[in-house]
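Below you'll find the structure, written out as structure tokens, and then a few comments.
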2 protein chains.
Amino acid sequence: MPQQDRAHATREAILRAAAEEFDRLGYERTSLKGVLGHSGLTKGAFYFHFASKEALAAALVSGQDDLWARMREDWDGRALDPLRRLVGMFHEAAERMAADVTLRAGVRLAADREVGYPGLPSAHLEWEKIIEAYLVDARDAGNLRDGADPAALARTLCAATLGARFISSATTRCADFPARTREILRYVLSSVISDDWLLAGPEVL
Amino acid sequence: MPQQDRAHATREAILRAAAEEFDRLGYERTSLKGVLGHSGLTKGAFYFHFASKEALAAALVSGQDDLWARMREDWDGRALDPLRRLVGMFHEAAERMAADVTLRAGVRLAADREVGYPGLPSAHLEWEKIIEAYLVDARDAGNLRDGADPAALARTLCAATLGARFISSATTRCADFPARTREILRYVLSSVISDDWLLAGPEVL
């Protein structure tokens, strides 16, 4: 393996070992020593890649930010109506959370920090705005019934998936997060989707 | 004031000072020193009532448990159908959270512990079962449409209010929690309530 690939593989192995610890224990109770033990690396190799626990956490948080951005780009490139794109993204996000400890750790670190430290810039409120924009497009495209409130719907969907992620993470390491997400989407959206949307294609709710 | 009343008042003042700190900072970053400073008490008076930070947190957590139990008893004694009782309880809980820092701190401490430490007995899963029982009664009483799934509805309502509480607590100290709770109830329940229920009495959604 060329040196650059080896360095990349080592970095990924460290992030994976750190993710296992952060996902299980959260930020405060994770120790660099524990991560080092699980990574099977020397201190020298480790510190070549990451200076501190904070740097590890920052890399995992920024990794999930990047993933969600790529996921949105991918779905926005598909020839689907706004509501089908939104529902598809929620499902994909939930499946990825269940399957990928690195992603799960990044999401947990970001959320723990946000809900634990009042006054921080809120990524959650930004997500509410992003989801609201999809729902405004969905309303304008006739996917939603008249009277549906995109902002209230966005707050409800984001709150429900935030809460479900917390509880699913603590009880099943997100194994049941896809099923919980499916029922949330079904119950929150059932009363607002238009008949046209239901008839337009394969069922996604 | 008789001595017993004074002791009770001092204990309440300490809990209130501790709640202000726990609500803002969470368990880890709250210090006994900070609580003592805000309570305006001597160490002696303080330690007469609480042996440790953990004892303070335990008192706040158990205080909210007691309050919810009383609130349920109160609503269960009213001559209302199961769904109106359930909706009424959600609204009252949200209003109380916005108004009462002692309650808010107890709820935050309980939830932070539960979502932060996988494997703990889950109060949240117990709440899902309690809410599900109300929804089973509601279904049997004809408050819900055929096909509504009480367990899935309970999981969705509990997840949504858990998530909304986290985000509302971090961003507005729960000032917007009642409004967020109202829209959650409306969107989650709209597709499952029966026409009979809507016609049966004053609008509560």
Side-chain angles (χ1 to χ4, degrees), chain A residues 23-29 108 111-125 127-128 145 147-149 151-174 176-177 179-193, chain B residues 23-29 108 111-125 127-128 145 147-149 151-174 176-177 179-193:
Chain A
D23 178 46
R24 208 162 47 87
L25 302 170
Y27 185 79
E28 299 296 340
R29 289 180 301 144
R108 173 175 181 174
D112 283 358
R113 208 172 129 74
E114 179 167 346
V115 302
Y117 293 68
L120 282 187
S122 172
H124 186 89
L125 299 186
W127 275 109
E128 288 181 350
R145 289 187 193 178
D149 176 348
L153 274 171
R155 283 190 294 269
T156 299
L157 283 177
C158 289
T161 47
L162 178 70
R165 206 277 306 159
F166 270 119
I167 208 65
S168 172
S169 176
T171 54
T172 70
R173 299 192 79 200
C174 285
D176 69 0
F177 189 49
R180 282 178 176 269
T181 300
R182 266 195 303 280
E183 62 196 18
I184 287 168
L185 289 168
R186 201 167 55 235
Y187 279 109
V188 175
L189 295 176
S190 282
S191 65
V192 294
I193 49 181
Chain B
D23 178 47
R24 209 163 46 88
L25 301 170
Y27 185 79
E28 299 295 341
R29 288 181 302 143
R108 173 175 181 174
D112 282 359
R113 209 172 129 73
E114 178 166 346
V115 302
Y117 293 68
L120 281 189
S122 171
H124 186 89
L125 298 187
W127 275 109
E128 287 181 350
R145 291 187 191 178
D149 176 348
L153 273 171
R155 282 190 294 270
T156 299
L157 283 176
C158 289
T161 47
L162 177 71
R165 206 276 308 158
F166 270 120
I167 209 67
S168 173
S169 175
T171 54
T172 70
R173 300 191 79 201
C174 285
D176 69 358
F177 189 49
R180 282 178 177 268
T181 300
R182 266 195 303 282
E183 62 196 19
I184 286 167
L185 289 168
R186 200 167 56 235
Y187 279 109
V188 174
L189 295 176
S190 283
S191 65
V192 294
I193 48 181

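FYI, side chains are in, hydrogens and waters are out, and symmetry mates aren't considered; it's all heavy atoms of this structure.
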Report summary line: When every non-hydrogen atom of Ser122(B) is compared with those of Ile167(A), the smallest separation belongs to OG-CD1, 4.1 Å
Looking at [options], which makes the most heavy-atom pairs under 4.5 Å with chain B?
options	answer
Ser168(A), Ala164(A), Gly116(A)	Gly116(A)
Cys158(A), Ala148(A), Ala160(A)	Ala160(A)
Leu25(A), Asp112(A), Leu125(A)	Leu125(A)

Tell me, for [X] versus chain B, whether the close heavy atoms (under 4.5 Å) come from the side chain, the backbone, both or neither.
X	result
Glu114(A)	both
Arg108(A)	side chain
Arg29(A)	side chain

Query raised in the report: Side chain, backbone, both or neither: which part of Arg24(B) has a heavy atom under 4.5 Å from chain A?
Result: backbone
Determine all donor-acceptor pairs shorter than 3.5 Å in which one atom belongs to a side chain in residues 184-192 of chain B; sequence neighbours excluded.
residue: Tyr187(B); atom: OH; partner: Asp149(A); partner atom: N; Å: 3.0
residue: Ser190(B); atom: OG; partner: Arg186(B); partner atom: O; Å: 2.5

Report summary line: Residue set satisfying ring pair (Phe, Tyr, Trp, His ring centres under 6.0 Å) with Phe166(A), at least two apart, ordered chain then number -> Phe166(B)
Report task. Please say whether more than 12 non-hydrogen atoms of neighbouring residues, nucleotides or ligands are located less than 6.0 Å from CZ in Arg173(A). Result -> yes
Requested in this report: Working to the nearest 0.5 Å, report the span between OG1 of Thr171(A) and CD of Glu128(B).
Outcome: 8.0 Å
Requested in this report: Name the member of Val115(B), Leu157(B), Leu162(B), Thr172(B) that forms the most heavy-atom pairs with chain A at distances under 4.5 Å.
Outcome: Val115(B)
